[in-house]
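Taking it in order: structure first as structure tokens, then the write-up.
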Protein chains: 4
Amino acid sequence: MSEDEVLLQQLFEDDKLTEKQKKIILAAIESFSEKGYAATSTSEIAKKAGVAEGTIFRHYKTKKELLVSIVAPLMAKLIGPFIVNDFHKVLDHPYEHVEDFLRAAIQNRSDIIKKMLPVIKIMMQEIPFQPELREQFLEQVARKTFDRILLVIKEYQDKGQLIEMPTLSAARLAISSIFGYLISRYIFFPDSEWDDELEIERTVQFIMHGLSQR
Amino acid sequence: MSEDEVLLQQLFEDDKLTEKQKKIILAAIESFSEKGYAATSTSEIAKKAGVAEGTIFRHYKTKKELLVSIVAPLMAKLIGPFIVNDFHKVLDHPYEHVEDFLRAAIQNRSDIIKKMLPVIKIMMQEIPFQPELREQFLEQVARKTFDRILLVIKEYQDKGQLIEMPTLSAARLAISSIFGYLISRYIFFPDSEWDDELEIERTVQFIMHGLSQR
Amino acid sequence: MSEDEVLLQQLFEDDKLTEKQKKIILAAIESFSEKGYAATSTSEIAKKAGVAEGTIFRHYKTKKELLVSIVAPLMAKLIGPFIVNDFHKVLDHPYEHVEDFLRAAIQNRSDIIKKMLPVIKIMMQEIPFQPELREQFLEQVARKTFDRILLVIKEYQDKGQLIEMPTLSAARLAISSIFGYLISRYIFFPDSEWDDELEIERTVQFIMHGLSQR
Amino acid sequence: MSEDEVLLQQLFEDDKLTEKQKKIILAAIESFSEKGYAATSTSEIAKKAGVAEGTIFRHYKTKKELLVSIVAPLMAKLIGPFIVNDFHKVLDHPYEHVEDFLRAAIQNRSDIIKKMLPVIKIMMQEIPFQPELREQFLEQVARKTFDRILLVIKEYQDKGQLIEMPTLSAARLAISSIFGYLISRYIFFPDSEWDDELEIERTVQFIMHGLSQR
DNA sequence: AATGAATGAGATTTCATTCAT
DNA sequence: TATGAATGAAATCTCATTCAT
């Protein structure tokens, strides 16, 4: 199974896609992430996918629907692991220490980001301009994730492992550090040599010291 | 002097702009930041500026030239304070402690971001797609800024105020925290109530503890 | 038997239509009469008929063939009663007086129009644009009907019941009045309260006085 | 001044039209009336007008707006003469007898129809399908005209010149006859030899006898 | 017979840019 | 300098029709 097919499988698990539909989606992802949604023409996508232009519109009523159909399932994937893995483990106490939780969280996100990079780029680019996406993102991803992050931080604050500070501020600082790593790693300098384990450890330690009881 | 005029003055200090040109630029900034460069039509800008379509092309040969003429001066402004104020002060030792430097750096950036927010949005959106802008950004902003940040970190590491760690990693962690604050403050939740001084202090302390000698 | 089935039976007496074909025809009649032939898409008809797009083209080679297959049988129906009932009766003298003939004629037409209203709308709309239909209409409907009307008028003129005037002019005036009633009744104001018998009588009397010997 | 220019002048009296706009309108009228609105493509209009396709959309935001801009002024023209000439004359009593009024009314409409024939065809074709036009027609043309016709009939009924009968029915019968003549004359058989004066007189007499006191 | 994915020609519409005034 | 009509290339989208299943 090719790398592209893995991506498709991950994003569109259950959906039955025709061969042409798959080609359209892959072509769209490539073009959207390279040139941006607005600057990509449907004729270009059709050509890249080796498909007639009309075929695109048989499957997606509008160009925007194509965009949404690509980005929306990503959002589900992004919260998935949080809900399924991380938090349950935290609340069921398999992570005695914050550090363990942090390491797992970063690692988890890291895997997805690596695979979905182009789609994530599209999502980040288009969220400010597509109200439909923004709303989905805020309601499904941001709120759910954030709520749980706050819970987890509270949990560790109660255990005395984290400094007393408004949970919102603590969350902001921790999340910034994590995303700072991921963005540097996969978006700004994907081509540098990275000792991932070490950098993750540094990030974890940074957060730990920054937020721990002094 | 209206807020818009302040923006123009800050961005186009010495340039002599006709009245129409000012209106065009303000209209373009508004539309570009709301809908994106590619999704904004010149006719829309003309209408918003109260100007004939042709007039835009009298001043800017192409639509892209208009974009560049807006974003390029921002870049100059962004490095300006670094070079002129912060670093000189550091190298001339007016900031004895890292914290003082950090506070000043955040404050400085904060002021500019507040004023230039729409233009910054445009810049961030378009850098990935406009090679011209990307190059300018990397060479003029990123490199220069980064070089100096590294210098400063080294300086404080040598003073023993900062933990031993590759300067690049330290820089990444510090910068992430600062940008995390700025982005949360001005982009994600501009409408929340913010106690700026307190949050800046928290961010500074977070970085300090995260990076200080243990 | 539903109203739709009555319509189909009347239009396609002997033809054997499959279930799908019936649905297609009813859907086409509805859409064509509501939005016009050119503005109706085959996909829309297919959806309304609950049928695959391809199925339409299995039964009708082209969209126009579908139109013709609907309108053509109507034309046969329209001349039918004229030939079969009215005129024979006139020529066989069961209608001693013009008035009786007129009453019967209007009543006859009235029934058909009521049932076939949507198809008649389609016919009237498309005759100007479809040479095929126009020719059929002129040769089969208009000429035959008109010839017989002229005969009948001549008959009553000879009896001295109608004023001397070119039969063509007399025909025009009588036909205008009849169609004026039918159009008002069924197309312009179908929703008003109509005392049909009274209005038909008024129309008959109007024609009688207008055309009778003075 | 060519015949076309007369048409334009009559329809668009005060509007300032560019040369290209005039060509577009004339081409549109020709095509719409020949093939119908829906079956006419804008590219066809552009070609016939000797204009770039974009030019059409510079002046009319949509194809439908072009249609409306052609048909709407016709409606004004159609009621114009009624209001300005006929009725005032009736109510100011220059027409002592119904016949004189009828003759004038037919004559008046006749002139306009002759000139505006293609536009009238378009109007009649599209009124059933364009709610915008239908509404305009009903509110501006039908209602105003009808109200005044009713007034006039009442006036002559009161004078004892017309039979007692619901004014609505009387109106229907009279109008049918008039339109029957106009439609026969200009739409069905424009190419036959017509002795207009005689046929108008016949129509008038027909209505008179049909509706007069017996 | 029936389906519905696929097509490609063409329809409507948009838009950056030009140019005569 | 400013205008805005005009352009034509290209963008999005529609649709009648075909064809493999």
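Below, each value reflects all heavy atoms present in this structure, side chains not excepted, and no hydrogens, waters or symmetry copies. Lettering follows sequence order; numbering is per chain, from 1.
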*Give C/Thr55 one of three labels, base, sugar-phosphate or nothing, depending on what nucleic acid heavy atoms sit under 4.0 Å from its own.*
base
*Where each residue is assigned the nucleotide of DNA chain F containing its nearest heavy atom, which of C/Lys61 and D/Thr18 is assigned the position nearer the 5′ end?*
D/Thr18
_Classify A/Ser41 by what it touches in the nucleic acid, base, sugar-phosphate, or nothing, heavy-atom distance under 4.0 Å._
sugar-phosphate
*In the structure shown, which nucleotide is the Watson-Crick or G-U wobble counterpart of E/dA1, with both distances under 3.5 Å?*
none
_Need to verify one output field. Residue with the more 5' nearest nucleotide on DNA chain E, B/Thr40 or D/Tyr37?_
D/Tyr37
*Return the nearest nucleotide to the side chain of D/Ala52; candidates are F/dA5, F/dT12, F/dG8.*
F/dG8
*For D/Lys64 and for C/Glu53, locate the closest nucleotide of DNA chain E by heavy-atom distance; then report the residue assigned to the nucleotide nearer the 5' terminus.*
C/Glu53
*According to the Watson-Crick and G-U wobble definitions, with both distances under 3.5 Å, which nucleotide is paired to E/dT21?*
F/dA2
_Taking atom CD as the centre, does A/Glu132 end up with more than 12 heavy-atom neighbours from other residues, nucleotides or ligands that are less than 6.0 angstrom away?_
no
*Expressed in angstrom and rounded to an integer, what is the separation of C/Glu65 atom CD from F/dT18 atom C1'?*
16 Å
_Output the rounded distance in Å from CG (A/Leu17) to P (E/dA6)._
11 Å
*Euclidean distance, atom CD1 of residue A/Ile24 to atom C1' of E/dT7 [Å, nearest integer]*: 12 Å
_NZ/D/Lys35: more than 12 non-hydrogen atoms of other groups inside 6.0 Å_ = yes
*Starting at CD1 of B/Ile45 and ending at C1' of F/dG4, how long is that distance when rounded to a whole Å?*
17 Å
_What contact category does B/Thr42 fall into here, base, sugar-phosphate, or nothing, at under 4.0 angstrom with non-hydrogen atoms?_
base
*Any chance NZ of A/Lys48 has more than 12 other-residue heavy atoms, nucleotides or ligands included, within less than 6.0 Å?*
yes
*asked:* Under 4.0 Å from OP1 or OP2 of E/dA16: is there any side-chain N or O of B/Lys63 that close?
replied: yes
_Under a 3.5 Å cut-off for both contacts, is F/dT7 paired Watson-Crick or G-U wobble with anything, and if yes, with which nucleotide?_
E/dA16
*Picking from F/dT17, F/dG4, E/dT7, which would you name as closest to the side chain of D/Arg58?*
F/dG4
_Can you tell whether the side chains of C/Glu19 and C/Lys22 come within less than 4.0 Å, N to carboxylate O?_
yes
*Can D/Lys63 be said to sit on top of D/Tyr37's aromatic six-ring, NZ or CZ under 6.0 Å from centre and within 45° of the ring axis?*
yes
*In whole angstrom, what separates C/Lys35's NZ from F/dT14's P?*
12 Å
*asked:* Side chains of D/Phe32 and D/Glu126, heavy atoms from C-beta outward: is any pair under 4.5 Å?
replied: no
*A/Glu19 CD to E/dT7 P: how many Å, rounded?*
13 Å
*In whole angstrom, give the distance that lies between atom CD of D/Gln21 and atom P of F/dA5.*
9 Å
*asked:* For C/Gly54 and D/Gly54, find the nucleotide of DNA chain F closest to each by heavy atoms; which residue's nucleotide sits nearer the 5' end?
replied: D/Gly54
*Using only side-chain N and O atoms of C/His59, determine if any of them is under 4.0 Å from OP1 or OP2 of E/dA2.*
yes
*Atom CZ of D/Phe57 and atom P of F/dG8: how far apart are they, to the nearest Å?*
16 Å
